[in-house]
> 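One structure follows; several queries about it will come next.
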Amino acid sequence: MRTYVVAGGTTGMGRGLALHHLRTGDRVTVVGSDPGRGRAFLAEAERLGAGGRAAFVRADLTSVAENRRVVEEVRARHDALDGLILTAMRHFGSRTLTPDGFEATFALYYVSRLLLSHGLTDLLEKGGRPMIVNVCGVGVTKGRIHWDDLTLGRGYSGVKAMLQGGRATDLMGVAYPDVHPGGRTRFLLHHPGFTDSGTGSLRQPARALVRLLAKVAAQPVEKAIEPIIALMADPPAGRLLAYDRRTPVDPSIPTLDPAAARRLYDLTRHLLD
């Protein structure tokens with residue numbers, strides 16, 4: 001029996017991957033902010049006959065303290081992990097600063113994933129074939145890190161924030177093997193493509209538009225998670241894996257620059273102390 005943690009596991013692709021692993025006999029702890037969705041996930045686990053292998057941890061993953069609490073709760077539950085799956089995403093229509101001083105999209109897309117990945121590395125290293133799966137937009141080259149304005153105090157837009165968060169989480173994956181050079185844990189950056197994974201964080205009229213587009217062009221969650229399941233079951237060689245659906249991403253593209261990855265890690269490494 002393998003053991004997984006899924007951050008953002010009560011909706012969309014996170015939920016799909018969590019239920020997949022429950023169906024195959026694994027233990028799964030999901031993390032999410034909505035207690036109602038957490039209860040719904042646990043009810044579905046019971047329906048599958050997997051209630052004893054499922055757990056829900058409520059947390060606001062934009063908060064540094066809450067991420068640290070999640071790490072401690074996972075440590076209390078498990079001695080080892082086989083996988084950490086990072087899928088938590090949310091659209092913020094207006095500029096929001098967290099109590100820690102981060103722009104909220106950056107906090108969710110980058111800071112949370114930084115804290116969970118590095119904070120749970122010791123448990124992952126005890127797993128069978130450990131892997132961190134980061135569902136993101138790897139391969140997309142639009143957007144950049146605003147090094148002189150990470151909180152986007154000048155000219156904020158939701159798209160700008162999402163693009164910066166996407167580029168930051170790409171760089172986190174690049175930095176991870178270098179920070180843990182003797183480790184066994186693989187880091188998978190995976191771009192699933194346009195997926196019908198819900199519109200709960202969007203406001204109108206954007207919600208209606210995305211729902212309409214999803215009916216026409218989006219793939220269902222069940223299809224979107226298939227490449228991830230395959231890569232987790234039979235991973236290729238290497239510590240850093242980057243895929244756009246089933247196609248490897250060229251590691252030399254500018255958005256996966258090792259120097260930029262190290263720069264961002266050095267700017268935020270104090271959070272891991």
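Just so it is clear, the structure is predicted and the values come from calculations on it, not from any experiment. Below, each value reflects all heavy atoms present in this structure, side chains not excepted, and no hydrogens, waters or symmetry copies.
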> Determine, step by step, whether His118 and Tyr265 satisfy the ring pair (Phe, Tyr, Trp, His ring centres under 6.0 Å) criterion, reporting the C-alpha distance in whole Å, the side-chain angles of both residues, the deciding distance to 0.1 Å, and the verdict.
CA-CA 11 Å; His118 294 277; Tyr265 175 77; 5.6 Å; yes
> Do the side chains of Arg69 and Glu72 get close enough for a salt bridge, i.e. N-O under 4.0 angstrom?
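Between Glu72 and Arg69 there is no salt bridge, as every charged N stays at least 4.0 Å from the carboxylate O atoms.
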> May I have the step-by-step check of side-chain contact (heavy atoms from CB on, under 4.5 Å) for Ile145 and Arg263, ending in yes or no?
CA-CA 11 Å; Ile145 306 298; Arg263 180 183 181 185; over 6 Å; no
> Can you check side-chain contact (heavy atoms from CB on, under 4.5 Å) on Val133 and Leu86, steps first, answer last?
CA-CA 6 Å; Val133 176; Leu86 305 167; over 6 Å; no
> Sequence neighbours left out, what passes side-chain hydrogen bond (donor to acceptor under 3.5 Å, both in side chains) with Arg53? Give chain and number order.
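Scan of Arg53 (side-chain hydrogen bond (donor to acceptor under 3.5 Å, both in side chains), adjacent residues dropped) gives none.
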> May I ask you to check whether Asn134 and Thr169 show a side-chain donor-acceptor distance below 3.5 Å?
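Thr169 and Asn134 do have a side-chain donor-acceptor pair below 3.5 Å.
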> Going through the distances and angles, do Tyr176 and Leu189 end up as a side-chain contact (heavy atoms from CB on, under 4.5 Å)?
CA-CA 11 Å; Tyr176 182 86; Leu189 294 166; over 6 Å; no
> Could you tell me whether the side chains of Thr195 and Gln219 share a donor-acceptor contact shorter than 3.5 Å?
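Their side chains do contain a donor-acceptor pair, which is all the 3.5 Å distance test asks for.
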> Taking atom types as modelled, is there a side-chain donor on Thr87 or Arg15 under 3.5 Å from an acceptor on the other?
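Absent: no donor and acceptor within the cut-off.
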> I'd like to check Arg246 versus Glu226 (side-chain heavy atoms, cut-off strictly below 4.5 Å). Are they in contact?
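They are in contact (side-chain heavy atoms under 4.5 Å apart), so the answer is yes.
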> Would you call Asp122 and Lys126 a salt bridge, using N to O less than 4.0 angstrom?
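Result for this pair is no, no salt bridge flagged.
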> Where do Val174 and Phe187 land on the side-chain contact (heavy atoms from CB on, under 4.5 Å) test, with the steps shown first?
CA-CA 8 Å; Val174 174; Phe187 199 108; over 6 Å; no
> I'd like to know if the side chain of Thr3 pairs up with that of Arg27 as donor and acceptor (distance under 3.5 Å, no hydrogens or angles considered).
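Distance-only check passes for Thr3 and Arg27.
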> Surrounding CG of Asp250 (heavy atoms of other residues, nucleotides or ligands, distance under 6.0 Å), is the total greater than 12?
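Yes, enclosed.
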> Backbone N or O of Gly143 within a donor-acceptor pair of the Gln164 side chain at under 3.5 Å?
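Flag not set: sc Gln164 to bb Gly143 has no pair under 3.5 Å.
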> Would His21 and Arg23 count as having a side-chain donor-acceptor pair, cut-off 3.5 Å?
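Distance-only check fails for His21 and Arg23.
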> Within a 6.0 Å radius of atom NZ on Lys160, are there more than 12 heavy atoms belonging to other residues, nucleotides or ligands?
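Atom NZ in Lys160 is crowded, with more than 12 foreign heavy atoms closer than 6.0 Å.
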